[in-house]
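Reviewing the structure listed below.
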Amino acid sequence: MAAETLALIEVLKPYDYISAKHIAVLLQDGKEDYDSEVAKGWVDTMESYTFNERNGETDLTVEMIINSEWQKMFDAGWPNALKKLKEICEQ
């Protein structure tokens, strides 16, 4: 099940590294959900992005610490998300 989440940026080093920790699920009405079973599956998950320049190109390494029940969703969604990120970065 896909969910929109609220995350805190824990580390931000522009052009180098970003680390975020998910703290809640956002409900359709915009309220923050910290306690439901869905939220408990997201709270404290982590993601980080490392950018390295090599020969005029940027390599992106993504690391995730997630609940295993979300693995299939990320496996299916990452190719499109990374394609969109590449488009945005190249503008």
Report yes or no: do Met64 and Leu12 belong to one cluster of Ile/Leu/Val/Met/Phe/Trp/Tyr joined by side chain heavy-atom distances under 4.5 Å? yes

From CA spacing to verdict: side-chain contact (heavy atoms from CB on, under 4.5 Å), Glu4, Val25: CA-CA 6 Å; Glu4 291 192 35; Val25 169; over 6 Å; no

Quick check: is Val62 connected to Tyr17 through a chain of hydrophobic side chains (ILVMFWY, heavy atoms under 4.5 Å apart)? no

Which atom of Asn67 lies closest to which atom of Gly41, heavy atoms considered: CB-O, 3.3 Å

Could you label the plane-to-plane angle of the Trp42 and Phe74 rings as parallel, tilted or perpendicular, counting under 30° as parallel and over 60° as perpendicular? perpendicular

Does Glu57 pair with Arg54 as a salt bridge, N-O distance under 4.0 Å? no

Shortest non-hydrogen pair, Thr50 vs Asn52, comes out as CG2-ND2, 3.7 Å

Flag side-chain contact, heavy atom, 4.5 Å: Ile66 against Gln71: yes

Over 12 foreign heavy atoms within 6.0 Å of CD, Glu63: no

Examine Leu27 and Val43 and state if one hydrophobic cluster contains both, with Ile, Leu, Val, Met, Phe, Trp and Tyr joined whenever side-chain heavy atoms are less than 4.5 Å apart. no

Residues Thr5 and Leu26: closest non-hydrogen pair is O-CD1, 3.9 Å

Would you name the heavy atoms of Tyr34 and Ala39 that are closest together and state the gap between them? C-CB, 3.7 Å

Of the options Asp16, Asp59, Ile18, which is the one that meets Phe51 in a side chain to side chain contact (heavy atoms under 4.5 Å, CB included)? Ile18

Indicate yes or no: at least one non-hydrogen side-chain atom of Leu60 is less than 4.5 angstrom from one of Thr58. no

How long is the gap from CD on Gln28 to CG on Asp33, to the nearest 0.5 Å? 12.0 Å

Got a sec: does the CG of Asn55 have more than 12 other heavy atoms crowding it under 6.0 Å? no

Distance-only criterion, 3.5 Å: show the donor-acceptor pairs between side-chain atoms of residues 78-86 and protein atoms not counting sequence neighbours.
from: Lys86; atom 1: NZ; to: Glu90; atom 2: OE1; distance (Å): 3.3
from: Lys86; atom 1: NZ; to: Glu90; atom 2: OE2; distance (Å): 2.7

Just verifying a value: how many Å separate Lys21 NZ and Ile9 CD1, rounded to the nearest 0.5 Å? 13.0 Å

Return the CE to CG distance between Met46 and Leu8, rounded to the nearest 0.5 Å. 9.5 Å

